[in-house]
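All of these numbers come straight from a predicted model, not from anything done at the bench.
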Amino acid sequence: RDPAHKQVIPYLVLRDAGRYFLMRRTRAGGDERLHERYSIGVGGHLNPGDGDIRTGLLREWHEELEAAFVPDFRLVGLLNDDETEVGQVHLGIVFVAEAGGRPARVRETDKLSGGFASPDQVAALRDRLETWSALVFDFLEGPGQAVR
């Protein structure tokens, strides 16, 4: 919670045929600032044993999702948001991956619920998205659609 030290967060947006894997955080999650918020990002804090960003992202993938595949994680960029209490202490390393028609579901169903949603469905919940998800969604769906 100290803004003098930012924690690095690998943050993955999983898509399938233009749809986004959209999750809702329950009150059972660890960070009360994110309770009942929606997210298009899979990820979390790096652990000391992760070694690097991609290994941490792979660990988060296996912790948060049940899927019989591991997608190609494509780096999109950095996400820094000092406007919110959560953003002030975190730096996102944003990746995008494609499910390619393969199923994925939430592993920690006590903390999360979710599934694939169209861009219109995500946009309809924009005011309930976590700040990072709103920023990334706007970037991906905005003018020129930056990342395909």
Side-chain angles (χ1 to χ4, degrees), residues 1 6-81 84-142 145-148:
R1 294 186 186 263
K6 289 218 179 217
Q7 297 179 18
V8 175
I9 306 290
Y11 193 77
L12 172 69
V13 176
L14 181 63
R15 298 190 298 192
D16 188 38
R19 298 177 306 150
Y20 291 84
F21 195 80
L22 177 67
M23 297 173 290
R24 184 183 63 81
R25 297 185 187 276
T26 70
R27 294 191 176 278
D31 192 336
E32 68 278 354
R33 298 170 294 188
L34 302 176
H35 288 172
E36 303 302 328
R37 305 293 287 185
Y38 285 85
S39 177
I40 61 168
V42 173
H45 297 107
L46 289 177
N47 289 343
D50 286 339
D52 61 31
I53 299 293
R54 287 190 186 271
T55 303
L57 179 56
L58 183 60
R59 179 186 48 74
E60 288 290 338
W61 168 267
H62 289 297
E63 284 179 5
E64 292 192 15
L65 297 179
E66 287 184 22
F69 68 97
V70 175
D72 179 32
F73 304 130
R74 293 184 299 130
L75 178 64
V76 173
L78 300 177
L79 177 58
N80 186 54
D81 170 33
T84 67
E85 188 180 340
V86 174
Q88 290 172 358
V89 295
H90 296 98
L91 175 69
I93 312 294
V94 181
F95 295 84
V96 171
E98 297 295 331
R102 298 168 290 191
R105 65 179 192 213
V106 170
R107 179 177 302 276
E108 299 174 307
T109 56
D110 60 321
K111 296 179 184 176
L112 299 164
S113 63
F116 286 103
S118 72
D120 288 343
Q121 290 170 312
V122 176
L125 294 168
R126 192 181 181 297
D127 64 328
R128 296 172 63 197
L129 288 173
E130 299 169 348
T131 303
W132 277 17
S133 288
L135 291 168
V136 171
F137 181 73
D138 291 348
F139 176 77
L140 295 174
E141 290 293 321
Q145 299 175 349
V147 177
R148 290 274 180 200

task = Report the residues that fulfil side chain to side chain contact (heavy atoms under 4.5 Å, CB included) with V8, sequence neighbours left out, ordered by chain and then residue number.
result = L46, I53, I93
ask   = Excluding sequence neighbours, so at least two apart, what forms side chain to side chain contact (heavy atoms under 4.5 Å, CB included) with S113?
value = R24
ask   = What residues form a ring-ring contact (aromatic ring centres under 6.0 Å, His included) with F137, not counting sequence neighbours?
value = Y20
key: Results of salt bridge (charged side-chain N to carboxylate O under 4.0 Å, His left out) for R102 - residues two or more places apart only   = none
remark   = Taking every heavy atom of L79 against every heavy atom of V94, the minimum-distance pair comes out as CB-CG2, 3.8 Å
ask   = What residues form a side chain to side chain contact (heavy atoms under 4.5 Å, CB included) with R107, not counting sequence neighbours?
value = E66
request  = Any salt bridge (Lys or Arg N to Asp or Glu O under 4.0 Å) involving residues 40-57? Give me the pairs, sequence neighbours left out, ordered by first then second residue.
outcome  = D50-R59
request  = State, yes or no, whether a side-chain contact exists between I9 and W132 at a heavy-atom distance under 4.5 Å.
outcome  = yes
inquiry  = Run the side chain to side chain contact (heavy atoms under 4.5 Å, CB included) test against A117 and tell me which residues pass, sequence neighbours left out.
reply    = L22, Q121, V122
task = Scan for ring pair (Phe, Tyr, Trp, His ring centres under 6.0 Å) pairs involving residues 100-121, sequence neighbours excluded, and state none if there are none.
result = F21-F116
note = Closest heavy-atom pair, S39 versus R25, reported as atoms and distance to 0.1 Å, is OG-NH2, 4.0 Å
note = For F95, the ring-ring contact (aromatic ring centres under 6.0 Å, His included) test, sequence neighbours excluded, returns none
key: From CG (L14) to CD (E64), nearest 0.5 Å   = 11.5 Å
task = Heavy atoms only: give me the nearest G44-P10 pair and the separation to one decimal.
result = O-CD, 3.0 Å
key: Set of side-chain hydrogen bond (donor to acceptor under 3.5 Å, both in side chains) partners for Q88, sequence neighbours left out   = none
request  = Output, in order, the C-alpha distance, side-chain angles, deciding distance and verdict of side chain to side chain contact (heavy atoms under 4.5 Å, CB included) for E108 and D110.
outcome  = CA-CA 5 Å; E108 299 174 307; D110 60 321; 3.9 Å; yes
request  = Any chance you could measure E130, atom CD, to M23, atom CE, to the nearest 0.5 Å?
outcome  = 7.5 Å
key: Check: D16 side chain, G101 main-chain N or O, donor-acceptor pair, under 3.5 Å   = yes
message = Working note: V13 + V136, criterion side chain to side chain contact (heavy atoms under 4.5 Å, CB included); need CA distance, chi angles, decisive distance, verdict.
response = CA-CA 9 Å; V13 176; V136 171; 3.7 Å; yes
request  = Report yes or no: does S133 contribute a side-chain atom to a donor-acceptor pair with the main-chain N or O of I40 at less than 3.5 Å?
outcome  = yes
ask   = So, the side chain of K6 versus the backbone of G87: is there a donor-acceptor pair under 3.5 Å, distance only?
value = yes
ask   = Where the side chain of R37 meets the backbone of L129, is there a donor-acceptor pair that is under 3.5 Å apart?
value = yes
message = If the condition is salt bridge (charged side-chain N to carboxylate O under 4.0 Å, His left out), which residues does R126 pass it with, not counting sequence neighbours?
response = D138
ask   = Rounded to the nearest 0.5 Å, what separation is found between the OG1 atom of T55 and the CG atom of N47?
value = 11.5 Å
key: Gap between atom CG of L140 and atom CG of L135 - 0.5 Å precision   = 11.0 Å
ask   = So, for L57 and V42, which heavy atoms are closest and what is the spacing to 0.1 Å?
value = CD1-O, 4.3 Å
message = Which residues pass the ring-ring contact (aromatic ring centres under 6.0 Å, His included) test with H62, not counting sequence neighbours?
response = none
